[in-house]
Amino acid sequence: MPFPDQPAGALTGLRVLDLTQVMSGPYCTMMLADMGADVIKVENPAGGDQTRVSWGYAVKGDDSRAFLALNRNKRSVRIDLKDEAGREDFYRLVATADVVVENFRPGVTARLGIDYETLKQHNPALIYASISGFGQTGPYSQHPGYDLVAQGMSGVMSITGEPDGDPVKCGLPVADLGAGMFTAFGIVTAYASRLRTGEGQYLEVSLFEAALAMSVWESTEYWATGEVPQALGSANRMSAPYQAFRASDGYLTIGANNERLWTRLCDVLGAPELVQDERFTTNTLRMGHRAELVATLTPLFATRTVEEWVTALLAVGVPAGPIRDYSYVLDSDPHVAARGAVTSFEHPVEGTIKTLASPVRLQGTPPTVRSAPPLLGEHDGLLDEVRVAGSARG
């Protein structure tokens with residue numbers, strides 16, 4: 001085992017060859033690594049994962065903070081997949097692996113001789129996962145896979161931002177991260193199937209379909225009404241009021257999405273008469289008169305502070321919370337501290353690096369941060385091991 005001094009994770013014993021770079025793939029494989037999988041980054045000798053140097057912020061060493069954020073708990077070997085000897089080393093590694101994950105543009109792996117049909121000849125039980133921008137087939141399959149483009153083409157940007165405003169992407173890279181999470185889910189599902197049947201399989205996920213798959217409310221609205229969903233700012237398209245409001249000193253969010261909560265909200269606002277207002281008596285009516293509802297509530301919320309409103313609303317069971325920035329969330333939030341949502345690792349060049357912990361809490365086999373992201377080629381010695389083992393088998 002690569003980390004014998006650490007508690008066994010849920011995926012201990014699973015070996016993953018990571019051919020990915022930038023975000024969607026590395027996020028997927030980091031999730032697997034946190035759960036105990038032995039993830040080996042197979043990197044181009046000429047610089048490795050492009051995120052090492054071309055994305056984010058470099059501080060002391062050559063590797064950017066963007067790379068460090070997505071590659072903990074992994075090992076790194078350098079292999080030139082365009083070189084015949086390099087491919088032979090890779091094939092030897094494949095024979096020892098359970099999973100291969102790649103995010104090349106569709107068609108590239110076949111040209112390199114590292115596609116699923118080729119690799120399963122070296123390991124029939126292999127699980128092979130491909131991540132791409134738009135999938136392996138279809139008219140968009142050769143389009144570059146960028147989160148921004150996927151958000152735009154999947155509809156996400158059409159409903160993000162304020163009404164009548166310019167198109168706005170989601171602040172988080174939901175297509176990239178969503179594809180990474182769906183791929184990790186697919187791999188674990190395929191692994192469960194293999195434990196039962198002994199057979200590996202191929203799976204693929206695209207950024208485009210990951211973003212589209214999360215459009216559950218928007219697709220429902222369109223199919224139910226025939227109307228094209230529009231941007232609503234912080235509002236929810238299935239209930240009202242369910243959005244952010246400005247208080248006297250900042251913003252808070254409130255969720256009064258049923259009649260019981262609506263009544264309690266009106267009481268706290270000092271406007272119980274709104275419960276009987278014919279425009280607002282049901283959720284459907286409130287959604288239909290959303291602009292009037294917001295115009296009515298906005299001056300009421302402006303009369304007190306965020307803390308006063310949140311305290312009063314929570315006291316009567318109305319969901320509410322302040323809008324925080326990341327300086328508060330990461331440095332000062334007592335709940336983040338109590339939950340251990342921020343942790344750290346020791347990097348040989350950068351020193352102590354803070355990182356976000358896995359949000360998945362398994363009681364028996366918890367995810368761990370066991371090691372820093374690897375230096376490029378830090379574990380090249382592994383290639384000597386598989387060469388020797390391959391010679392012995394031959």
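The backbone N or O of Thr368 lies less than 3.5 Å from a partner atom in the side chain of Asn73, making a donor-acceptor pair. At least one donor-acceptor pair under 3.5 Å links the side chain of Asp98 to the backbone N or O of Arg15.
Under 4.0 Å is where a charged nitrogen must lie from a carboxylate oxygen, and between Arg52 and Asp49 no such pair does. Taking a cutoff of 4.0 Å between a charged side-chain nitrogen and a carboxylate oxygen, Arg387 and Asp384 qualify as a salt bridge.
When the side-chain hydrogen bond (donor to acceptor under 3.5 Å, both in side chains) test is applied to Arg286, the partners found at least two apart in sequence or on another chain are Glu259. A search for side-chain hydrogen bond (donor to acceptor under 3.5 Å, both in side chains) contacts involving Tyr202 returns Ser130, not counting sequence neighbours. For the side-chain hydrogen bond (donor to acceptor under 3.5 Å, both in side chains) test, no residue two or more places apart in sequence or in another chain qualifies with Gln201.
A cation-pi arrangement, defined by a distance under 6.0 Å to the six-membered ring centre and an angle within 45 degrees of its axis, is absent between Arg194 and Tyr191.
Its side chain within the 4.5 Å cluster rule, Trp217 clusters with Met238 among the Ile, Leu, Val, Met, Phe, Trp and Tyr residues. In the hydrophobic clustering (ILVMFWY side chains linked at under 4.5 Å, chained through shared members), Leu232 stands by itself.
Within 6.0 Å of atom CG in Asp325, more than 12 heavy atoms from other residues, nucleotides or ligands are found, so the atom counts as buried in its surroundings. The 12-atom threshold is not exceeded at CG of Asp62, counting heavy atoms of other residues, nucleotides or ligands nearer than 6.0 Å. The number of heavy atoms from other shown groups lying within 6.0 Å of CZ (Phe280) is above 12. More than 12 heavy atoms of other residues, nucleotides or ligands lie within 6.0 Å of CD in Gln136, so this atom counts as buried by the packing criterion. No more than 12 heavy atoms of other residues, nucleotides or ligands lie within 6.0 Å of CZ in Arg339, so this atom counts as exposed by the packing criterion.
Listed here is the closest heavy atom pair of Leu68 and Glu350: CD1-CG, 3.8 Å.
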Can I get a per-line list of side-chain donor-acceptor pairs under 3.5 Å for residues 120-127, giving both atom names and the distance, sequence neighbours left out?
unit_1, atom_1, unit_2, atom_2, d
Lys120, NZ, Glu117, OE1, 3.3
Gln121, NE2, Glu117, O, 3.2
Asn123, OD1, Ala125, N, 3.2
Asn123, ND2, Val94, O, 3.0
Asn123, ND2, Ala97, O, 2.6

Quick one: do Lys82 and Asp80 satisfy salt bridge (Lys or Arg N to Asp or Glu O under 4.0 Å)? Show the steps, please. CA-CA 5 Å; Lys82 296 180 179 180; Asp80 184 355; over 6 Å; no
